[in-house]
Amino acid sequence: MSQKGLEGVVAAQTSISDIDVENSRLLYAGYDVTDLVHHATFEEVFYLLHHRELPASPQLEQLTSQLTVERDLHEFTRQLMVTLASTTSPMSMLRTLVSSASAYDADGWVVSTDHAANYRKAIRLVARLPQMIAGHERLRGGKWPVEPNRKLGHAANLLYVLMGEVPSDEDARVMDQCLVMHADHTMNASTFAARVTAGTLSDIHSAMTSAIATLKGPLHGGANEQVFEMILKIGSVEAVPEDIKGRLARKEKIMGFGHRVYKREDPRATILRELARDLGTRKGDMKWFEISEKIFEVVNSEKGLFPNVDFYAAAVYHYLGIPKRLFTPIFAASRIAGWTAHVIEQLQNNRLIRPDSEYIGPAPRNYVKLGDR
Ligand code: ACO
């Protein structure tokens, strides 16, 4: 019997993250993500996902310095960006740039099972993704990419290279919190794709390319962009009930709702709702938060569905000034912390991932010559 969508199938053992379904809790190596969002930085979480322990000061200083030093993009990437920005979507560009980054990585030709080299590659990729993502937006807008700012932490630099100005401490902290909460999520589709690729002993850049390609789809990470498109189209709190009921009557899925694992509210959605409310208040513009809240109210009462991580993320990113087409790439900029940790974990105890299929085609039959068909 096939298990459609592999629901309930355990594809790997992991010590990186876990979901406590009963209590709607997400844990990174035993730490509650809600706790981490309130207290930790993305740099600490990257370390935690890779080492399963929070870093002490010297370890954090070393990692922060590595993540800062490795921000500069290679000339090869810069040239590719100019062509790709004018011809592809941000996610397609990111997928191609990450794939091509293996060409000049200092450990590019090292065997795929060298964990120390994979960790160095992970740091380089994490450090460079913000510049790759921001480059698309700036080049599309006729502006030259901004050089990374070494005085800023990872989250603040991301906003800096995107906007071209140093963000407020409050906005940088919200960005950091978003990066923390998106960094890993057990065997989600893109992480599974990364582990499948790594399981063939392919290299980490190939695994990241698979992961980005998988995250791109609207049933996974691509949902956050679709959520904001829906919010924009609806346009007002008053228009929400009719619009949402119409979508449900047409059997359309409401993006940002439902989850394979959570049966109640995704804990990350709970945090993001508060962030959206705070940002709306701080920026003096509650419209996007209020439309989101009304959508939640109607979807929940009509279908009993709860929001997932992508729902309130849309309003939060918009309040931070991030353009809609970059919502999914920003997700990738965080999730790459988890993907790379999973690839290394897979390779430390590898077995080829190769499920079965249930054949439902025609019974065995003989070849029929072309003229007899
Ligand atoms: N809107 C309307 N109905 C929904 C939604 C939704 N967002 N989500 C699930 N349902 C309904 C389905 O139509 C189905 O109903 P049926 O049994 O009457 O046919 C039932 O709930 C089960 O849905 P499935 O799609 O089978 O659930 P699955 O576990 O395969 O999918 C998924 C989970 C993909 C997240 C789904 O809820 C969905 O498509 N949501 C919208 C897209 C989205 O927000 N994706 C982001 C997820 S979080 C992330 O990946 C980062």
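For ligands, and for the atoms within them, numbers begin at 1 and follow the listed sequence. Positions are given from 1 along the sequence.
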### Query
Shared ILVMFWY cluster between Tyr31 and Leu27, side chains joined below 4.5 angstrom?
no

### Message
Below a 4.0 angstrom heavy-atom separation, can you tell me which part of Lys303, side chain or backbone, both or neither, approaches ligand 1?
### Response
side chain

### Query
Which part of Phe331 is near ligand 1, with near meaning a heavy atom under 4.0 Å away: side chain, backbone, both or neither?
side chain

Proximal atoms of ligand 1 relative to [X] (non-hydrogen, under 4.0 Å):
| X | answer |
| --- | --- |
| Met255 | 42 (C), 44 (O) |
| Gly256 | 43 (C), 44 (O) |
| Asp310 | 46 (C), 48 (S), 49 (C), 51 (C) |
| Ala223 | 43 (C), 44 (O), 45 (N), 46 (C) |

Top protein contact for [atom], by heavy-atom distance:
| atom | answer |
| --- | --- |
| atom 50 (O) of ligand 1 | His220 ND1, 2.7 Å |
| atom 29 (O) of ligand 1 | Arg260 NE, 2.7 Å |
| atom 47 (C) of ligand 1 | Asn308 ND2, 3.5 Å |

## Note on the structure
Rounding to 0.5 Å, atoms CG (Leu272) and CE (Met181) come to a distance of 4.0 Å

### Query
Taking Arg325 as the fixed residue, which of Glu137, Glu225, Glu229 is the one that meets the salt bridge (charged side-chain N to carboxylate O under 4.0 Å, His left out) rule?
Glu137

So between [options], whose heavy atom ends up nearest [atom]?
| atom | options | result |
| --- | --- | --- |
| atom 7 (N) of ligand 1 | Leu219, Ile254, Asn188 | Ile254 |
| atom 5 (C) of ligand 1 | Leu305, Asn224, Val309, Thr214 | Leu305 |
| atom 35 (C) of ligand 1 | Gly258, Ser190, Pro218 | Gly258 |

#### Entry: atom 37 (O) of ligand 1 protein-contacted, heavy-atom criterion under 4.0 angstrom
yes

### Message
Considering both backbone and side-chain atoms of Phe257, is one of its nitrogen or oxygen atoms within less than 3.5 Å of a nitrogen or oxygen in ligand 1?
### Response
yes

### Query
Based purely on interatomic distance, does Lys253 place a nitrogen or oxygen under 3.5 Å from a nitrogen or oxygen of ligand 1?
yes

#### Entry: Candidates Arg150, Gln131, Lys151 - the one meeting side-chain hydrogen bond (donor to acceptor under 3.5 Å, both in side chains) with Asn157
Gln131

#### Entry: Lys121 versus Gly108, closest heavy-atom pair with distance
NZ-O, 4.1 Å

### salt_bridge(Glu290, Lys287) N-O dist < 4.0 Å
no

### Message
Under a 4.0 Å threshold between the charged nitrogen and the carboxylate oxygen, would Glu70 count as salt-bridged to Arg120?
### Response
no

### Query
Testing Trp288, Tyr312, Tyr319 for ring pair (Phe, Tyr, Trp, His ring centres under 6.0 Å) with Phe228, which one passes?
Trp288

### Query
Got a donor-acceptor contact below 3.5 angstrom from the Lys263 side chain to the Arg260 backbone?
yes

